[in-house]
Amino acid sequence: MSALFQFNGGVKPATHKARSAQTPIDTAPLPTLLVVPLHQSIGSQPRPLVRAGEHVKKGQRIGAADKWLSSAVHAPTSGKVLAVEERVAAHPSGLSALSIVIAPDGKDEWIELEPFDPATLPPERVREILRDAGVVGLGGAVFPSHVKTEAAKTRALEALVINGAECEPFMTCDDRLMRERAEGIARGVAIFRDLLRPRRVLVGIEDNKPEAIAAMLSAVEAIGEDFTVVPVPTRYPAGGAKQLIRVLTGKEIPADRRSPEMGAQCFNVATAYTAWRAVAFGEPVISRIVTLTGNVERAGNWEIRLGTPLREILPLMRPKADTNRYIMGGPMMGFELPSLEAPIVKASNCIIAGSPSLFPPPAPEMPCIRCGACARACPHELQPFELYWFARARNFGKTQEYKLFDCIECGGCSYVCPARIPLVQYFRFAKSEIWSRERDKASADAAKARFERRQAREARERAEKAERLAKASERKAAPASTAPNDAAPDETEAARKAAIAAAIERARVQREGVQAGNTGDPDATRREEVAGAGIGQCRAVDAPDAGQDSRREGQ
Amino acid sequence: MDFITPPYLTQDISIRRIMWRVLAALLPGIAVCLWLLGPVILAQLAIATLTALAAEGLMLRLRGRPLAPFLGDGSAVVTAWLITLAFPPLAPWWLTVVGVAFAIVVAKHLYGGLGQNPFNPAMIAFAVCIVSFPALMSQWPALDAGAGFGERLALILGQAPRLDALTGATPLDALKTALRLGEGQVGVAAATADRAVFGHIAGRGWEWVAAGHLVGGLWLMWRGTIGWRVPIAFLGGMTMVSGALWLWQPDGFANPLFHLFSGGTMLGAFFIATDPVTGCTTPRGQLIFGFSAGALACLIRIFGGYPDGVAFAVLLLNLCVPIIDLYTQPPIFGMKK
Amino acid sequence: MLTAILIMALGAVILGAALGYASIRFRVEGNPLVEKIEAILPQTQCGQCGYPGCKPYAKAIAEGEAEINRCPPGGQEGVVKLADLLGREVEPLDVEERPRQVAFIDERSCIGCTLCLQACPVEAIIGAAKQMHTVAAALCTGCELCVTPCPVECIRMEPVREKIDGWKWKYPVFEITPSKRAA
Amino acid sequence: MPHYLFIVIGAVLVNNVVLVRILGLCPFMGVSRKLDTAFGMGAATTFVLTLATGATYVIDHLLLMPFGLEYLRTISFIVTIAAIVQLTEMIIQKSSPVLHQVLGIYLPLITTNCAVLGVPLLNVANGHDFLESLIFGAGSAIGFSLVLVLFAGIRERIEGADVPAPFRGVSIAMVTAGLMSLAFMGFSGLDKYR
């Protein structure tokens, strides 16, 4: 066993894990309705492959990854597509996202599965399989795994870190998975190993899960691999990818570098398991293990189909009467689900029923006294109180100077804050503000570029027109000038004005009609008239000055 | 249903508890004062506490803030107690009131109240009063005068003439005056000769108060309420400067032990300089802050125009805090070389 | 008296000569301030400040001709940033702030007149004569310049709908009240 | 040597030009909103002030005193300083446009910085010789820069504080300057030991 390293800070909240860790993983019954959001991973939104009314089979691809940084989604069961529309998402905003709504037909009929022997496939093919099977990081970050299996070009990978730490309180889905399906995990790790060719493979598991450690040890031995299973000290957030890499290898991955550049890569145990199922059995990711716990009669782990609305899994957990919220993810980094209709997605590792006694409403936020407890707890050695000070004052430049974007939002600072300041909330606010500003800045720059291009063009056109006019007047001065040339502009002008007046009148009539409830399309004659009115307008493009005149008249 | 934000779990700790712990840590020092001076110190504490709460309440009301959480957080009481312990114990009541009110109103609430003041309110009070009323601020009770509680209370309430018999100079002041008047003729040994309570250290028993604060401060450190860096560096700075001067001219300067146990050294090291709001927050910054404050306090005390330098030293370092913090930011995760 | 005048005059001549030489020797062209100001302005080119576009307004600010609180799309935040850059006091925006909007063309009414095309300073309206016009929402800066020219009043401003991708965490506001009442 | 040391200590700390002599308040309040500008202003003022003390000393001793024109001191000092400031501005604009940008309109303000006029006059009043004048000028300028930078650091922090509305901005800065001045009183007597 290799020597372990430490990371700064961290906290030790009560784990609350015992309740849900006792019983084996059970399979959730088929729900009456499935709402599968298309966008379940980091990267671009997959393109929907089905339309309302189509019949889909279990495992059929319903959303295809368009770009490399994207991941496919699949039908969790066979049935009929009811709609492809915006449905409320499992997202703290409570906003909707494009989802595929499927009514199960009860047959649960698989598509034809295509199993492979991972050892015989070229690496490129394996990555494609992973992408098309929708394998993403199931620890909660949902980063597409096929992208992460691309080794850095510059250096060989030193350590492949497999994350079985599961440091969030309440959560036991990885624990149960390791206890029950250790061999599948180990075989999945072997797939990643073959893709990345690291010098060593380290499986980190927090030492409060002795059964999982034992199961993983024997599974690794059983399949004859040389993976090292390392118990790591229980301390939140030891299961953060960067913290686990630090503990196991001593490497610190800065915020602006990707871990392979530093010679390490990290996968969750559940991801490894789904990777193995995807390659060796051809099964895409259509379900996941979810811990259902908290203020419930029956806590445990269930294998739940992706897209199952929260409402449908309530009977499994039997929330107590005073339950007032449902939290997706752990109590440190999770968020409150906006609605009972929000579906289980690839990121849903845990659903906690909350009650006022379990998660009491926050004590009033007091001012920061700069006691530094947050800095001592911060695993990234930031100065959260400084970040808070500037985030609160909306001084975003300063927050970036204090490395806001190195914050992993683990919540350790808020956990220890004596002033009860929702620090993470301030940091998320500042981050999303900065991102939005960057977007605004980019679009403002683009707008400026278009504006300047337009101005340049107008100046050029004006110059050209002036030139034309000068030439025309020269011609006019010459005795050879002809009369029609003089008359033409006046005629078109008059025609155009008449056309505009007619159009205004029609629009008025139409608006009145619309107000009266007539929302039908304009009839064919009207369309013709519209087309006819356009003739005069065509000239307006050539003569912007004239156009401006008419506008002034309009006012 | 109210909106709560992650993390949904939090540690059981609050500002109020921190403040109460600081108050508890002041008790040993107060107990020694009680032994030296009798219950009159309690009257002084009561005046200061009531003034602080009244000023805090008034400012909260004027600023339209809720009273309960802020009056209850204990920060105003901490300021009041620190002012009482830093001021001469028999200072007239109005001096205490002026000091406390100025601290709470100007030094604290004009900057937005708890957590936002750049200067230590208690030390602002001390500086304002020593600049405005230098004579009153230098009169410390003569412990051998044997005055009763009634007499002392009358003194505080301004009912009795401020007799020289009842009040004298602090050991620091006495030393300084003796050295100045003596033009180098009178040595330190002579100037501190008649003080034999604590083995010739700081004279007349005031070192016992300092020892009380030391005990309270060490308890705070042990409980983790204050870090070790600031107090240790403060005492280190004080020892270094006074020690260097003492080694250079043993007869011209008092020994480090005298300085550590006289004036506001212990109170300053453990309770004033450790104020997280006005102090440095980075580890290296805290060492710089503590050491500079200690050294500066010693320099001002020995060479400056005021009997004690702790208040000015702390204020001057408060000034430097933003700059020190800026240049001592610790390297973050992944950025270490 | 005469010596005094002579000496002052001499001093003035010497210093004047030195300054005159320096102003030639150390001449600098252009005013880089304009660019910095323009970088802060939102580039809507809406003209609500009374200047034809963001650059002229930036120029006016740099030359001290315009107040910094004339840019509604930039909002109060823009004013703060300008004040910061220029070392001026922050002033309240002289018009009220509105949520971000984009223009929307009711395609049933559009007659394809291209007037809005000409009005749009940032070429966010797509269309040609005789054909329906439409606004490229991603390009629209919400300047409203296209609304009035439309002869059939088919353009209206709509507030931008929030999407998950661009969703922002809200500023955490917690009333400081006793926790009993909150429950 | 200790003599010059005491002049420096006196000029930087004990009789700090801003906090004790209350000179040069305009740039002190105006250019202390940001640390970067404060640094730049401090550097520029140090340069100008040192130069000005030297130049005014020369003018005073070579021009004014021989001709008995001491009554022209103030105006001739002002003219000299104004010229030096102009020169500095032009040089900075050429050599470091960034610094010029940062200092903005405050560079010409050095002309009207009363500290720059006050220090040469104090030199005359204290009867400093040339070297003493230079040291006193540089010391005062360093003292000015020091408190300017410290003040800017504090103001940057106060910016985020929940200051009551009537005190926001310059008011709280004034209060802060007052409290700084109070703190600097602690130095009193340090330059006159024995």
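The chains referred to below are lettered A, B, ... by the order of the sequence lines, with proteins before strands, and numbering in each begins at 1. The figures here come from the full heavy-atom set of this structure, side chains too, leaving out hydrogens, waters and symmetry mates.
- In this structure, the portion of A:Cys417 lying under 4.5 Å from any heavy atom of chain B is its backbone and not its side chain.
- Between A:Tyr402 and A:Phe390, the two ring planes are parallel [angle under 30°; tilted spans 30° to 60°].
- Contacts of A:Glu386 with chain B are made by side-chain atoms alone, with heavy-atom separations under 4.5 Å and no backbone atom involved.
- B:His213 and B:Phe270 have their aromatic ring centers separated by at least 6.0 angstrom.
- Only the side chain of A:Asp406 comes within contact range of chain B, with heavy atoms under 4.5 Å apart.
- Contacts between A:Ile352 and chain B at a heavy-atom distance below 4.5 Å are absent for every atom of the residue.
- How far CE of B:Met123 is from CG of B:Leu317: 13.5 Å, rounded to the nearest 0.5 Å.
- When heavy atoms are compared at a cutoff of 4.5 Å, A:Arg428 approaches chain B solely by way of its side chain, counted from C-beta outward.
- Contact annotation for B:Leu114: both backbone and side-chain heavy atoms come within less than 4.5 Å of a heavy atom of chain A.
- The pair A:Arg311-A:Glu341 counts as a salt bridge, with a side-chain nitrogen and a carboxylate oxygen less than 4.0 angstrom apart.
- Contacts of B:Asp325 with chain A are made by side-chain atoms alone, with heavy-atom separations under 4.5 Å and no backbone atom involved.
- Taking a 6.0 Å sphere around CZ of A:Arg257, one finds it holds more than 12 heavy atoms contributed by other residues, nucleotides or ligands.
- Only the backbone of A:Ala14 comes within contact range of chain B, with at least one heavy atom under 4.5 Å from a heavy atom of that chain.
- Here A:Arg392 is the residue among A:Met262, A:Glu401, A:Arg376, A:Arg392 with the most heavy-atom pairs under 4.5 Å with chain B.
- Proximity to chain B (any heavy atom under 4.5 Å) is restricted, for A:Pro379, to the backbone atoms N, CA, C and O.
- Among all heavy-atom pairs drawn from B:Tyr111 and B:Phe119, the shortest one is OH-CE1, 4.0 Å.
- Contact annotation for A:Ala419: both backbone and side-chain heavy atoms come within less than 4.5 Å of a heavy atom of chain B.
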